[in-house]
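Worksheet: one structure, shown below.
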Amino acid sequence: AMEAFATYFISKVADESVAFNSLGTTYVNTTEHYLPILLEVNEDGYFRNIVNLYVLWKKRMISIDLQEQQENLKRKMKNYISKVVAESLI
């Protein structure tokens, strides 16, 4: 079932970016659970679409997380600089 699900998105029959928002985390977590088994029994490209969709969505999740961390650090730096400047004026 997971291979059929992934095939729709990898073949671009369905828009994976729309599905990512509602299913990405669940799909990645589920795939990570089964990935050792899938890779062990993988022969002749079986489960290729599962792995391809996993890689696509995992990379996107990491990218989103890093962007959020970057924005958080920028806010902290801005607040820190504002505090240092304010203290230097006292």
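FYI, side chains are in, hydrogens and waters are out, and symmetry mates aren't considered; it's all heavy atoms of this structure.
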Throw together a table of side-chain donor-acceptor distances under 3.5 angstrom for residues 2-9, partners on residues two or more places apart or in other chains.
unit_1 : atom_1 : unit_2 : atom_2 : d
Glu3   : OE1    : Asn49  : N      : 3.4
Glu3   : OE1    : Ile50  : N      : 3.1
Glu3   : OE2    : Asn49  : N      : 3.3
Glu3   : OE2    : Asn49  : ND2    : 3.0
Thr7   : OG1    : Glu3   : O      : 2.6
Thr7   : OG1    : Asn49  : ND2    : 3.0

Review point. Picking from Gln70, Lys76, Lys78, what satisfies side chain to side chain contact (heavy atoms under 4.5 Å, CB included) with Lys74?
Key: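 Of the listed options, the one satisfying the test is Gln70.
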Rounded to the nearest 0.5 Å, what's the gap from [atom1] on [X] to [atom2] on [Y]? Could you check?
{"X": "Lys58", "Y": "Thr25", "atom1": "NZ", "atom2": "OG1", "value": "9.5 Å"}
{"X": "Phe47", "Y": "Thr31", "atom1": "CZ", "atom2": "OG1", "value": "12.0 Å"}
{"X": "Glu87", "Y": "Ser82", "atom1": "CD", "atom2": "OG", "value": "11.0 Å"}
{"X": "Leu56", "Y": "Ser17", "atom1": "CG", "atom2": "OG", "value": "9.5 Å"}

[Y] side chain reached by [X] side chain, heavy atoms, under 4.5 Å:
{"X": "Leu38", "Y": "Tyr54", "value": "no"}
{"X": "Trp57", "Y": "Arg60", "value": "yes"}
{"X": "Asn72", "Y": "Arg75", "value": "yes"}

**Study point:** Donor-acceptor side-chain pairing of Asp65 and Gln69 below 3.5 angstrom
**Key:**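 Gln69 and Asp65 do have a side-chain donor-acceptor pair below 3.5 Å.
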According to a hydrophobic-cluster definition based on side-chain heavy atoms being under 4.5 Å apart (Ile, Leu, Val, Met, Phe, Trp, Tyr only), do [X] and [Y] belong together?
{"X": "Leu39", "Y": "Val41", "answer": "yes"}
{"X": "Tyr27", "Y": "Tyr34", "answer": "yes"}
{"X": "Phe20", "Y": "Ile62", "answer": "no"}

